[in-house]
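Per chain, numbering begins at 1; letters A, B, ... match sequence-line order.
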There are 2 protein chains.
Amino acid sequence: MSRAASNGGPDRPLSKGERTRQHILDIALGMFAERGYDGTTMRAIAAEAGVSVGNAYHHFRSKEHLIQGFYEQATVRHAAITPSVLEGRETLAERIEAALLTWLDIAGPYHDFAVRFFRNAADPSNPLSPFSEESSQSRERDIALYREVLEGSKTRVPEDLADVLPELLWLHQMVVVLYWVHDTSEGQEKSRELARRTAPMAARLVALSRLRILRPLVKQGEDLVRDFLITRRPA
Amino acid sequence: MSRAASNGGPDRPLSKGERTRQHILDIALGMFAERGYDGTTMRAIAAEAGVSVGNAYHHFRSKEHLIQGFYEQATVRHAAITPSVLEGRETLAERIEAALLTWLDIAGPYHDFAVRFFRNAADPSNPLSPFSEESSQSRERDIALYREVLEGSKTRVPEDLADVLPELLWLHQMVVVLYWVHDTSEGQEKSRELARRTAPMAARLVALSRLRILRPLVKQGEDLVRDFLITRRPA
DNA sequence: GTCTATAGCCGGATAGAC
DNA sequence: GTCTATCCGGCTATAGAC
């Protein structure tokens, strides 16, 4: 994808097939945004793109695979924009909030059809799930972003929590996203409120996790994350 | 459904249409369990049930609507069985664990096609979502169950938390269910482990919520639940 | 007016020729 | 890599049976 962007040189980095593929994708995303997912047939996409249906299926295994570009694009842009937004924000609460709100900004225009994408979240065998192997690259990119959110903050993070926290913050984001998908409020304002309110709570929890009384519980939670969230390799 | 069960009287509580409907549902659920959802066509269901496709669609608006019976049946059985399992269990941790494990027992046989059902969870406009208006009866039944889990326990519950806790415990169950849907371990043993490990953590959290230092955070969390989880009436 | 059946549309997906 | 032709299955229009 990045190869396709702004390559003004005389060389041809994209083969004919790659250009066709990209063209079909662009047309499809545009049509989805305009007429919705169900309202856009593969026949219509193919016709609009000037290719045959069979050709479209040669490049994309299924209609839903056309959606995959969305998550990919969203995480790339999220990773690209967030760092500048984080600048000058020092508390963990501010930084978490900024990352979440930036995500909502990016995803906003796709709200209607994002539902389609996150339907798949519940189905692990679906390659389009954000938890799937196929999505791992996008997921890792987003988790890395939260590592940056943590490292740049003034809040001291308990050592033993350090390596599971990025995953947990990513999970926090997924919860916000899940709510956002449901969100019918004007401009999805409720989701933004959710982000604004939960960000300081998450930061506070991180700080409180140092408390002596909470240590056993925190330890259990940490082990839980390790055993159930990160261990994703099948035996 | 309850009307259908064990009515040995001479009267006819079920009209011909109702019986046909129930028959189609039974056949469909059986076939789904056997050959999977995608592997079972509406034509095959109709044929096996001895009715026409058109007739099947007269009774069920769509193939997915056939799944609705699953959640309904599962919550009814959950509510029926759990009380006896709770007897003799006094600590909150034990009671939460029992309720969760009972759910897993009930849902077990349907594991393969439950994925289909919970796909819809991410789509609020889908009447099959567990969060939808259409599912509210089943949802309320399950939440009521957790009210019982709480009330029968020896753990003293902070007053202000009392009325949001059943919802939170239900949400806890939904998280377990979400994991269970993903679970590829033998007999979904990992999900049972998740239930066993998180139940005492949930109970511990309830107890800890009385701590002075945690009060502000608990209060915020409580407000959050009220504003974002329970307020479900559209303006 | 409730129930059931036939016949066929529509759109996602595929096989196989070029 | 691209096309044409076709399959397959969810769903519906509509007519007729009870």
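- The interatomic distance linking A/H59 (NE2) with C/dT14 (C1') rounds to 16 Å, in whole Å.
- Looking at heavy atoms from C-beta onward, A/D183 lies out of side-chain contact with A/E189 at the 4.5 angstrom threshold.
- Comparing the start and finish of the helix from C/dG1-D/dC18 to C/dC18-D/dG1, five pairs each, the helix axis swings through 10°, to the nearest 10 degrees.
- Remark: B/T41 engages B/R43, B/A44 in a side chain to side chain contact (heavy atoms under 4.5 Å, CB included) (not counting sequence neighbours).
- Under the 4.5 Å side-chain criterion, counting only non-hydrogen atoms from C-beta, A/T102 is not in contact with A/R77.
- For the pair A/I67 CD1 and C/dG12 C1', the computed distance is 13 Å after rounding to whole Å.
- Put simply, the side chain of B/V51 does not reach to within 4.5 Å of the side chain of B/H59, judged on heavy atoms.
- For the pair B/I96 and B/A203, the tightest heavy-atom approach, listed with the atom from each and the gap, is CD1-N, 4.2 Å.
- Taking atom OH of A/Y57 as the reference point, atom P of C/dG16 lies 18 Å away to the nearest angstrom.
- Two residues are said to be in side-chain contact when any heavy atoms from C-beta on lie closer than 4.5 Å; A/M42 and A/L66 meet this criterion.
- Nearest heavy atoms, B/Q188 versus B/G108: OE1-O, 4.2 Å.
- The shortest side-chain heavy-atom distance between B/Y71 and B/R139 falls under the 4.5 Å cut-off.
- Listed pair A/T41 / C/dC10 fails the phosphate criterion, with no side-chain N or O lying under 4.0 Å from OP1 or OP2.
- Across the protein-nucleic acid pair, B/K63 atom NZ and D/dC8 atom C1' stand 12 Å apart, rounded to whole Å.
- Rounded to whole Å, atom P of D/dG10 lies 11 Å from atom CG of B/L66.
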Distances under 3.5 Å only, N/O to N/O: pair up the protein atoms with those of nucleotides 3-7 of chain D.
from, atom 1, to, atom 2, distance (Å)
D/dC3, OP2, A/S52, N, 2.7
D/dC3, OP2, A/S52, OG, 2.9
D/dC3, OP2, A/N55, ND2, 3.1

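- Following rounding to the nearest Å, A/M42 (CE) and C/dT14 (P) show an atom-to-atom distance of 10 Å.
- Following rounding to the nearest Å, B/E64 (CD) and D/dC11 (C1') show an atom-to-atom distance of 13 Å.
- When the C1' atom of D/dG10 is taken as reference, atom CZ of B/F32 falls 12 Å away, rounded to whole Å.
- The aromatic rings of B/F32 and B/Y37 sit tilted, their planes meeting at an angle between 30° and 60°.
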